[in-house]
Every structure is written in C-alpha cells, then in structure tokens.
Amino acid sequence: MEPIYLTIALDTPLDRLFDYRWLPADGCPVPEIGQIALVPFGRQEIAGLIVGLSHQTEIPADKIKTVLAVRHQCPALSPQWIDLCRFAADYYQRPLGEVAIPALPKNLRVPKATSLDRNLKKLAKLQLAHEHDATPNQEPTLNAEQQAAVETIASTTGFASYLLYGVTGSGKTEVYLQTAARVLATNSQAQILILVPEINLTPQLEGNIRQRFSGIQIATLHSGMAEGERLLHWLAAHTGQARIILGTRLAILSSLPHLKMIVIDEEHDPSYKQQEGLRYSARDLAVWRAHQLGIPVVLGSATPSLETWQHAKAGRYRKLELRQRAVQSAVLPVVKIVNTEREKPSEGLTQRLVTAIRLRLEKGEQSLLFLNRRGYAPVIHCDACGWISNCTRCTAHLVMHKLDKKLRCHHCSFEQRIPRACPTCGNVDLQPLGRGTQRLEEGLKVLFPDARVFRIDADSTRLKGSAEAAFDTVHRGEVDILIGTQMVAKGHDFKNLTLVAALNPDSALFSQDFRASERLFAQLMQVAGRAGRAGQREGGNPSEVLIQTRYPDHPLYHALMAHEYPRFADDLLEERQQAAMPPFIYQALLRAEARELETAIAFLQTASQCEPVHAHAGITMNDPIPMTMVRVHNVERAQLLVESNSRPALQAFLKNWIAELRSMKVRVKWGVEIDPVDI
DNA sequence: AGCACGCCGACT
DNA sequence: GTCGGCGTGCTC
C-alpha cells in the first residue's frame, strides 16, 4: 500500500504548511482533514491541524517525518471552521497554523491524550444529565420596540447584521435572550454564540442565561478558565452538545457546527480587539463568520463604535433602536457638569460633589466615584531638586502604592520600596503628585469618617474570585461610597446607586489617539448607566451623574448631558471623513522594536522605501515615528502607519511587503497589525 | 517562535 | 577548568 502524506498547519511563524508521512497501523483509520495530529517538529513534538491528504509530496524523502499520533477521539474540525481560520490568517497576514492551533484548547495539543479522554467521558455524562429542552423559563413581557427587534432578527433568513442600539436599561439583554429562544425553537440543533467583553465582570448575564434556559447545556469560554474545564466546554461546543455558548473574544474562534446566530454585547468595547499575538477583532470576525454561514449577527451597544455606526448609516447593518427604558419607572440619569476651573477641587472633590455625596449618605443611597487611575499617586517628586520617580526601563513614571510601600511601574514588572529620601539630593520630603484611587479612598475616609468607603480596582481584586466578592459586597448594600476604575463601568447594575461622579476624565479629550474621545464617551455613558436602573423608587428623583471637568463646554460633555450619542457620533464621523481617517480609510501598522530607537527607525525607513512600496498603487506610506511610550522594559519602539482607501489594495500590498520584510533578515523585532485601534 | 549549536568572557 | 551570554541556523 502506498504511503499517505498529510499536509499539516503548525503553530510557527514560518509561512508554509508541513507534509508528514502517515503509516497505517492495526485498527487505525485513515486520518481526515480537520483532525489534530501530533508530529515531530525540529526537536519538539507539537500538535498540528490536518488540512490536506495526498499520495505524493514534494518534500524529499530524507526530510519527511512520520506522524506520531492522530487524535481520533476528537471529531474533526469542519471545513467551515478551517475556512474561518484561513480567512483570519489571510486577513491578519499570519500563517494558518498560527491562527488555528492557538484557537484550540491546550489540553488538545499536548502529547498525552489523558485530559481529552477524561473530558470526553465527562461530556457524555453531561449529555445524559440534560433534558435537551430549549423552551425558556418565564420570559418577561417585552415592550413594543423590543418585540419588534426580536421579530425582525428571529425572522431573518440568511445573513444579516443588526445594530441593536439602546441605552443602558433599554432591555438589550432581553432581546438577545428572547431572540435566542426563538432561534433555538426553530432548529433542534441550533447553537447561539453570545460574546461579552469580560465574562468575570458580567456574572449576572451568565446567571440569567442558565436560569432562563435550564433545560439545555450552556458552555462558557474565556481566558480565566482552568485548562481541563476549558477543554470540556470547548468540546461541548465542538460536538454541538452546548446550545448556547457564552464567551469572550477568544470564543469567536471556537468550533460551532450548528451555529445559527451570533450576539456581540457592548460591541464597541475595546476588549474585542486582541492586543497580542494574532491581533484580531472578534467583532469583525463575528460578522465574517455570520456571513460565511448565512446567519444573523446582532451587535448591541448604547454607544456603537464609529465603524458600526457608519455601517448602519450606509445601510449595510440594519439599525434596531430601543428608545424606551424597559425597566419600569426607570428614567435616564441627569448628567451635570462641574467646572473645576471655577470650583477648585480639594482632595480631588469639588464642594458640589461633596454635598451630593453627603445627600446620598443621609438618604442611605450609594455613590460611585469613577477615577481611571489606580495606585496612590501616579508619580512622586522632590521639591528640592526636581527629581521625579521615573522607571529606568520604561518611558513612564513609577506609580506610588502607599499600602505596600512600593513604587511600581505599570508597564514592566519593576518595583522598589518607596525611597526614604530623594535619590539625587537626599531631601527627605518627597511629595506624591496627582491622585489615584488609593489616595482618593484615603481622603474620603477622612472627609466621611462614618461612611463605608470601598475601592474596586485591579489592585484590590488581584486574587482570583475577589472581584466577584467585592461586587457582592456592594450589592449587599455594605458600601456607601464606591471608588472604582474602569472595572466598575462594566456589567454590574447597582440597585441602590443614585450618584455617579467622574473625577478627572479630561486627559482623553486631548489624546494623540484619535479614538480616545469615542472611547471616553462610551466609558462615561457606561459608568453613568450603573445608576438609575432598578434604583428608581416610586416618586424618587432620577439618579445624578456629575462630571468634574476643566472643559465644561467640550462638545463631548454636552452630548453626554443631552443624551445625544447619535449627533456626537455623526459629528465625529464627519470629522473622520474630512480628515480621511477610519472608518473611511483602512490602516495597517508596522511596528519595530530594538535596543536603540535609531535601529527601529532605520528599519522602518528602509521598509517604507522598499520595492513593493513602489510597485503598489493607492497606498499612503507615512513617516516612521517613535511610539508615544518609546521605551518599555528596556526596548525602544517605533511605528509606521500605512493607509489606503481600498481594503483589497491594502491587503495585496501587505502580502508582498511582509514577504519582502521577512527576506530582509534584520536585527529588529517587527510585526504588522491590521486595523490597529491604539495608535 | 522555539531550540540547539557554537564560540568567547568571569566565576568556583 | 565550567557556566552562560546571545549570534546564527533550522524546522516537513
């Protein structure tokens, strides 16, 4: 019998596939495309994805190696799934294996199959334990707009993108769930994928889904899961057993053989963009996947990304608007601006804010102070000689953390004890500059000695599970004043919260990053939404949102006050169009890093002038520039922005360009990012 | 990217 | 004498 050769995709930056010989053994079936194979690669043994079978190979016989094992226990990945990976690989300009392999659970990729076998047995038990009845438990009555949205989405045939646009409290989640129920009811195998920005911050949604659909299997997929558990849930999705899959961005690359609808909650959220390795946008891949399968995709947000907003305006996405607040008696919070030029804050708080907090304390209601800066003070300095606490490895300040008496760099792992005296002049009077959440907490405890002040940020919730415990404390009403970073902006509704204040949001207004104001608006809107949901008691006043700012006339704050996202978004889009910026043009970023900035810049300079640049039309090549934070961990970085008004033109150029750069063999680390969001 | 090989510098 | 720095070469 002539040998069979398998073409296998491996997780390596080498832009090619690898052929292996397969030898039949007793009782071993011939491998199939889509199965996982264990192969020798160099001196390692790694897992690969079988993407081709053949009776011949161009690889010389002395080079070819033999497959070690094929994971027959695991059903093959479908051609559609491989095509999804292939699309992502092409679009983001990476080899197929670098997309497909990391998308699989680690325990599927290890030499031993023990975890796989164990979890397959567990999965079989789960199969038996479920009723497989997708009928939802008691569904709340929808208002007319919600009902219309459900009808529209559920009656979709083929591909359609929907923007479900509605403020916090307008009942988007209920639309997702009742639409899901309808889709599940029409097809006894149908699977629904629901993506959320961060699953740990939205346990309420997971609880709701499990409660509503208690008869079917629900899988969750996110990066915080243990490997065994991750494999179990992935297999539940892959075998079609799980009917609803709730996950973070990584779930968009999971295998879902009967996928019939995709929901992306808070579609504008930056965490849908992977920021390391394969820098994909889960939202964009979701739309592609829906198109590939001919199914609806629902993008929900109160502050849609400008990309999505523009798609809706152009009619490519259908806009479904929820204008009413679905929660009975809930009204929009009143947004007020406090001018900090006129009214100077003390300890970060204006008198008006202090008064507002005091009023809440008297009424037994909660206040939330939003300050997006953790630590005690962002920097310390010496009055005598001007020394400031800089990180020696990064272009960044060392942040003062008073509780553990440390200066800490938030960009590398560096930390040191807070020096007793100035390292340059010996002055013992070092001063903290600015204010982080810890310092705010300290000040509030002095100002309101009888109030229960509580802080939620990455430092206070470092331990696994402690974030959830912290939120529970707030929910139980054991907190009067809550201080939080952006962590508190997502997911949680605080029933007794009637005051939200943003202490110092201005820095984003003048950021180098043109997307900063779009993000700030979304963030403020989201924090504001934490209040005034179920919290409105009969006849009570609406919740209050106070924005402390030096720029009270900024259009962003005016739009926020007027609850006018559409006009704000339209204005931003107008600006973007005038200035030829996304979403009206397409971008890619070539980043380079080296010991010396000059080396990185020189590489980018060469790259910006190499042959493919001249061979392609319709490409705008900008100048190489140092990154805003030039040095991180003793590495200096620079970037080169490439633009085009044609996506295919940009794609074609990048393909040739990257091939050329690869052949250059330089001593800098570089990489290309498509559709960058942090510039 | 890993991983090994290989050839020069300061430690027990 | 060896441990270990990172240059360079290879992966079916």
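Just so we're on the same page: letters track the sequence lines, and every chain starts at 1.
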Salt bridge (Lys or Arg N to Asp or Glu O under 4.0 Å) for A/D678 and A/K273? Distances and angles first, verdict last. CA-CA 10 Å; A/D678 281 310; A/K273 182 75 181 353; over 6 Å; no
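- Judged purely by distance below 3.5 Å, without hydrogens or angles, the side chains of A/E198 and A/T248 never pair a donor atom with an acceptor atom.
- A/R16 comes within contact range of at least one nucleobase, with a heavy-atom separation under 4.0 Å.
- Residue A/P40 is in sugar-phosphate contact alone, with no base atom involved, counting any heavy-atom pair closer than 4.0 Å across all strands shown.
- Rounded to an integer number of Å, the gap from A/R109 CZ to B/dG2 P is 11 Å.
- Applying the side-chain hydrogen bond (donor to acceptor under 3.5 Å, both in side chains) test to A/Q44 and every residue at least two apart in sequence or in another chain returns nothing.
- For residues 104-120 of chain A, the set of pairs meeting the side chain to side chain donor-acceptor pair (under 3.5 Å) definition, not counting sequence neighbours, comprises A/Q73-A/D117, A/N107-A/S115, A/S115-A/N119.
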Table please: side-chain donor-acceptor pairs of residues 620-627 of chain A below 3.5 Å, with sequence neighbours left out.
| residue | atom | partner | partner atom | Å |
| --- | --- | --- | --- | --- |
| A/N622 | ND2 | A/L641 | O | 2.9 |
| A/N622 | ND2 | A/E643 | OE1 | 3.3 |

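- A straight line from CD1 of A/I59 to C1' of C/dC10 spans 14 Å, rounded to a whole angstrom.
- Residue contacts shown for A/Y20 are limited to sugar-phosphate atoms, with no base heavy atom under 4.0 Å away.
- Contact detail for A/F603 and A/A592: the closest heavy-atom pair is CD2-CB, 3.7 Å.
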Atom pairs under 3.5 Å: protein N/O with N/O of nucleotides 4-9 of chain B:
none

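- Within residues 63-72 of chain A, the residues having any heavy atom closer than 4.0 Å to DNA chain C are, in order of number, A/K63, A/I64, A/K65.
- The side chain of A/Q44 approaches B/dC3 more closely than any other nucleotide in the set B/dC3, C/dT11, C/dC12.
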Quick one: side chains of residues 78-85 of chain A, donor-acceptor pairs under 3.5 Å with protein atoms, not counting sequence neighbours, listed by atom name and distance.
| residue | atom | partner | partner atom | Å |
| --- | --- | --- | --- | --- |
| A/S78 | OG | A/W81 | N | 3.1 |
| A/W81 | NE1 | A/L253 | O | 2.9 |
| A/D83 | OD1 | A/R86 | NH1 | 3.1 |

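- Taking 4.5 Å as the limit, some side-chain heavy atom of A/P31 sits within range of a side-chain heavy atom of A/L6.
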